[in-house]
Amino acid sequence: MTTSRTERALRLTVLVGESDGWHHRPVYTEIVHRAHAAGLAGASVFRGIEGFGASSMIHTQRLLSLSEDLPVAVVIVDAEEKVRAFLPLIEELTGDSPVILDACELVRRGEPEEPR
C-alpha cells in the first residue's frame, strides 16, 4: 500500500485563443516551453470545444466558420513561490487574456508502506 500526503500548491490557468500567436508560434506552446525552461513541475494544454471571451463571440467546433479560434487553457500546478516567480515570464504573452491563480492541494504518493 502506498502512502499519500498533500501539500499546498498554486494552480495557474491561462485562457487564450487557439489562434493567438507569438513570433510565428502558438501562445500556448510558448507558455509551455517557458514553464519547462523555468523548471516548473509540469504544464498541460486543454482545447475547449466551445466558449466566448471579451468579444462575446461564441466559438464552437460545431460550426466550421467559428472553429478556427477555439478556447485553450494552459494549466500549471507547482509550489506557490515557483508559480508566482513564473508570472513575469509570461506577462508579455498573455495580453488581456484571463490569468487565474487558485490555491490547491497537490497529492503526492510516496513509497509503498512496509508490510507489518
Side-chain angles (χ1 to χ4, degrees):
M1 184 163 136
T2 61
T3 59
S4 296
R5 62 182 173 81
T6 60
E7 58 188 62
R8 296 175 76 158
L10 198 61
R11 177 178 47 217
L12 166 65
T13 305
V14 181
L15 303 173
V16 297
E18 189 175 29
S19 66
D20 292 351
W22 177 258
H23 296 278
H24 309 291
R25 182 180 208 177
V27 166
Y28 59 86
T29 298
E30 185 65 22
I31 293 170
V32 168
H33 284 261
R34 289 184 186 196
H36 183 261
L40 293 172
S44 297
V45 178
F46 300 94
R47 184 176 190 235
I49 58 172
E50 190 164 348
F52 71 93
S55 71
S56 294
M57 179 178 287
I58 294 179
H59 298 271
T60 176
Q61 72 177 24
R62 291 179 289 138
L63 301 172
L64 290 177
S65 63
L66 297 178
S67 67
E68 296 167 356
D69 192 24
L70 291 171
V72 174
V74 182
V75 179
I76 298 167
V77 178
D78 208 325
E80 180 175 355
E81 57 275 1
K82 286 182 151 185
V83 172
R84 289 194 185 278
F86 180 64
L87 289 173
L89 302 178
I90 60 167
E91 191 173 332
E92 65 188 339
L93 304 175
T94 57
D96 61 353
S97 298
V99 177
I100 301 125
L101 294 173
D102 296 303
C104 61
E105 290 185 62
L106 188 58
V107 177
R108 299 272 190 193
R109 290 182 177 68
E111 296 298 316
E113 287 182 8
E114 294 293 320
R116 296 180 191 211

*Backbone N or O of Ala41 within a donor-acceptor pair of the Asp78 side chain at under 3.5 Å?*
yes
Joining Ile, Leu, Val, Met, Phe, Trp and Tyr whenever any side-chain heavy atoms lie under 4.5 Å apart, the cluster holding Ile100 also takes in Leu15
On a heavy-atom basis, the closest approach of Phe86 and Ala38 is CD1-CB, 3.9 Å
* Kindly work out whether a path of hydrophobic side-chain contacts (I/L/V/M/F/W/Y, heavy atoms less than 4.5 Å apart) joins Leu87 to Val32. => yes
The reported gap from CG in Leu106 to CZ in Arg5 (rounded to nearest 0.5 angstrom) is 8.5 Å
_Can you confirm whether Tyr28 sits close enough to Arg47 that some side-chain heavy atom of one is under 4.5 Å from a side-chain heavy atom of the other?_
no
Arg11 meets the side chain to side chain contact (heavy atoms under 4.5 Å, CB included) criterion, sequence neighbours left out, with Thr13, Val75, Val77, Asp102, Cys104
* To do: Answer whether the closest heavy-atom distance between the side chains of Val74 and Val27 falls below 4.5 Å.
  => no
When rounded to the nearest 0.5 Å, the distance separating CG of Leu93 from CZ of Arg25 is 10.0 Å
Glu91 meets the salt bridge (charged side-chain N to carboxylate O under 4.0 Å, His left out) criterion, sequence neighbours left out, with none
Give a yes or no on whether Leu101 and Ile76 share a hydrophobic cluster (residues Ile, Leu, Val, Met, Phe, Trp, Tyr; joining criterion: side-chain heavy atoms under 4.5 Å apart).
yes
Separation between CH2 (Trp22) and NE2 (His33), nearest 0.5 Å, reads 15.5 Å
One should read off an interatomic distance between Ile31 CD1 and Asp20 CG, to the nearest 0.5 angstrom, of 9.0 Å
Distance col, row Leu89:CG vs Glu30:CD, nearest 0.5 angstrom, shows 10.5 Å
So do Leu40 and Leu12 actually touch side chain to side chain, heavy atoms under 4.5 Å? no
Tell me whether Val45 shares a hydrophobic cluster with Leu70, the cluster being built from Ile, Leu, Val, Met, Phe, Trp, Tyr side chains joined at under 4.5 Å. no
Do Glu80 and Arg8 have side-chain heavy atoms sitting under 4.5 Å apart? no
